[in-house]
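One structure is given here, and the rest of the page talks about it.
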Amino acid sequence: MKVALRTLLERSVKKMGKGMNPVVKAAALEMVERAYNEGITVQISAGYRSLEEQATLFGQGRVYSYKGKNYSNLAKPIVTNAKPGQSYHNYGLAIDFFIVSDDGRRAIWTVNSKWQRVAAIGKGLGFKWGGDWSSFKDYPHLEMTGGLSYTQLQAGNEPRLPFKLEKRELQKTGKGDNPIISIQQTLNGRYETNIECDGFYGPKTRTALIIGLQIELNKQFNKKLVVDGKWGPKTKNATITIKKGASCNITWILQAALYMEGFNPGTLDGEFGGKTEAALFKYQKASKISADKLAGKVTWNELFA
């Protein structure tokens with residue numbers, strides 16, 4: 001049986017981790033979907049990488065310490081020449097991918113026509129491919145840097161990345177994710193966000209969810225927030241803690257956000273039941289925050305920051 005697109009997307013979301021640039025993340029998932037529509041099963045194997053994780057990789061095959069900690073690992077071969085801060089993975093601007101067997105059970109690392117086609121799809125979405133590099137060929141690697149150097153990124157500069165997915169013709173392909181389409185339709189109907197109901201989680205859908213949260217916080221708790229869809233300190237500090245048993249539109253927003261991150265809360269009905277609690281717990285553990293099964297400021301910030 002052929003692996004489901006949803007499975008590949010969920011795996012990819014988890015592998016990319018937290019800290020991804022939202023445009024890069026959206027383009028990566030779009031690449032997986034477009035390849036699937038062409039009969040190619042592919043998934044993302046890596047995305048955001050912390051500085052400590054980069055130090056671990058750089059320490060393979062070397063004697064190396066970083067911030068006073070020994071990361072030397074001479075038992076393993078050298079896999080990268082990038083020190084912490086010298087990889088676009090450290091800024092959420094790069095991904096790695098690989099082909100999987102049709103049933104989704106085996107990784108296929110042979111760089112063949114399918115692999116090259118996926119790279120071409122990625123380049124069409126704005127990525128640069130490591131397979132095009134003149135010296136060291138990094139075939140799994142795709143990056144979207146906005147022309148910024150590591151030094152500029154370390155200085156806090158944010159890349160301006162074009163969101164090239166706005167003109168997708170999902171109405172013709174009919175391959176959008178149905179639950180996401182339902183979420184987008186609810187956001188439009190309930191909060192007048194006027195986003196495209198394409199079944200894809202991109203920056204506009206994220207903004208719409210934040211708008212919904214801001215409206216509900218103002219309506220239910222008189223928080224007097226500016227409804228602008230931007231996640232800032234005022235919105236973060238205005239969030240409330242909800243837990244099992246809650247029944248409200250804010251619970252629905254939590255369910256929608258969890259689903260977008262690849263953690264299925266069951267029926268999106270605004271009822272904080274066992275499935276929502278289980279999805280929240282798994283998300284908190286994956287995000288390495290307190291897994292207390294309570295959706296408070298830290299959890300909301302992880303979902304939307």
Side-chain angles (χ1 to χ4, degrees), residues 1-17 19-21 23-50 53-54 56-62 73-83 86-145 161 164-165 168 170 173 175-177 200 262 286:
M1 181 180 295
K2 185 173 182 178
V3 63
L5 172 61
R6 180 68 192 172
T7 299
L8 296 174
L9 293 173
E10 287 179 349
R11 291 177 182 174
S12 296
V13 167
K14 290 180 181 179
K15 288 294 185 181
M16 282 190 284
M20 288 295 296
N21 178 284
V23 174
V24 177
K25 181 178 180 180
L29 296 178
E30 171 71 359
M31 181 186 75
V32 172
E33 181 176 335
R34 290 191 184 185
Y36 191 88
N37 292 340
E38 294 186 19
I40 305 172
T41 46
V42 62
Q43 74 179 63
I44 309 304
S45 59
Y48 173 74
R49 188 182 299 148
S50 70
E53 289 169 332
Q54 190 68 37
T56 298
L57 284 180
F58 185 76
Q60 289 186 200
R62 296 183 175 91
N73 189 348
L74 297 176
K76 291 187 176 182
I78 291 176
V79 293
T80 181
N81 291 320
K83 294 181 179 180
Q86 296 179 352
S87 168
Y88 286 111
H89 285 283
N90 303 152
Y91 309 95
L93 299 175
I95 59 169
D96 294 333
F97 72 92
F98 62 93
I99 305 295
V100 298
S101 58
D102 287 345
D103 61 7
R105 296 180 180 179
R106 287 186 302 109
I108 301 172
W109 294 97
T110 304
V111 181
N112 53 19
S113 59
K114 286 185 178 181
W115 194 293
Q116 292 172 337
R117 175 57 190 153
V118 173
I121 293 172
K123 291 195 301 186
L125 291 166
F127 284 107
K128 291 183 179 179
W129 182 38
D132 289 331
W133 295 346
S134 57
S135 53
F136 173 72
K137 301 281 188 181
D138 192 352
Y139 292 105
H141 184 86
L142 291 165
E143 62 185 35
M144 195 182 295
T145 68
L161 302 178
K164 295 190 175 183
L165 312 183
R168 293 185 311 130
L170 281 181
T173 65
K175 297 297 183 180
D177 183 82
F200 185 83

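Keep in mind that what you see is a predicted model, and the values were worked out from it rather than measured. Scope of the values below: all heavy atoms of this structure, side chains included, with no hydrogens, waters or symmetry mates.
- Annotation: salt bridge (charged side-chain N to carboxylate O under 4.0 Å, His left out) contacts involving residues 100-115, sequence neighbours excluded, are absent.
- A donor-acceptor contact shorter than 3.5 Å is absent between the side chain of H141 and the backbone of D96.
- Looking at R117, its side chain never comes within 3.5 Å of a backbone N or O of I40 through a donor-acceptor pair.
- Q54 places a side-chain N or O within 3.5 Å of a backbone atom of A82 that can act as its donor or acceptor partner.
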Which is it for K15 and I95 under the side chain to side chain contact (heavy atoms under 4.5 Å, CB included) test, yes or no, and what are the steps along the way? CA-CA 9 Å; K15 288 294 185 181; I95 59 169; over 6 Å; no
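- Put simply, the side chain of Q60 gets close to the backbone of P77: a donor and an acceptor are under 3.5 Å apart.
- Annotation for A28 and M16: closest pair CB-SD, 3.9 Å, computed over non-hydrogen atoms.
- Separation of atoms OG1 (T80) and CZ (R49) is listed at 7.0 Å; rounding is to 0.5 Å.
- Atom CG of residue N81 and atom CD of residue Q86 lie 9.5 Å apart, to the nearest 0.5 angstrom.
- Residues G131 and Y139 share a closest heavy-atom pair of CA-CD2, 3.8 Å.
- The environment of K2 atom NZ is dense: over 12 non-hydrogen atoms of other residues, nucleotides or ligands sit within 6.0 angstrom.
- Scanning all heavy atoms of the two residues, the minimum distance from M144 to G126 falls at CG-O, 3.7 Å.
- Pairs passing the salt bridge (charged side-chain N to carboxylate O under 4.0 Å, His left out) check and including a residue from residues 129-140, sequence neighbours excluded, read K123-D132.
- Heavy-atom minimum distance, T110 versus W115: O-CE3, 3.5 Å.
- In this structure, OH on Y36 lies 8.0 Å from OG1 on T7, to the nearest 0.5 angstrom.
- If you take NZ on K128 and CG on L93, they are separated by 12.0 Å, rounding to the nearest 0.5 Å.
- Nearest heavy-atom pair across G104 and R11 is O-NH1, 2.9 Å.
- Shortest non-hydrogen contact noted between V23 and N21 is N-OD1, 2.9 Å.
- Both tests do not hold together for K25 against Y48: distance to the six-membered ring centre under 6.0 Å, angle to the ring axis within 45°.
- The distance from the CZ atom of F97 to the CD atom of Q43 is 12.0 Å, given to the nearest 0.5 Å.
- A salt bridge between E10 and R6 is present, with a side-chain N of the basic residue lying under 4.0 Å from a carboxylate O of the acidic one.
- With rounding to the nearest 0.5 angstrom, the CD1 atom of I121 is 4.0 Å from the CD atom of E38.
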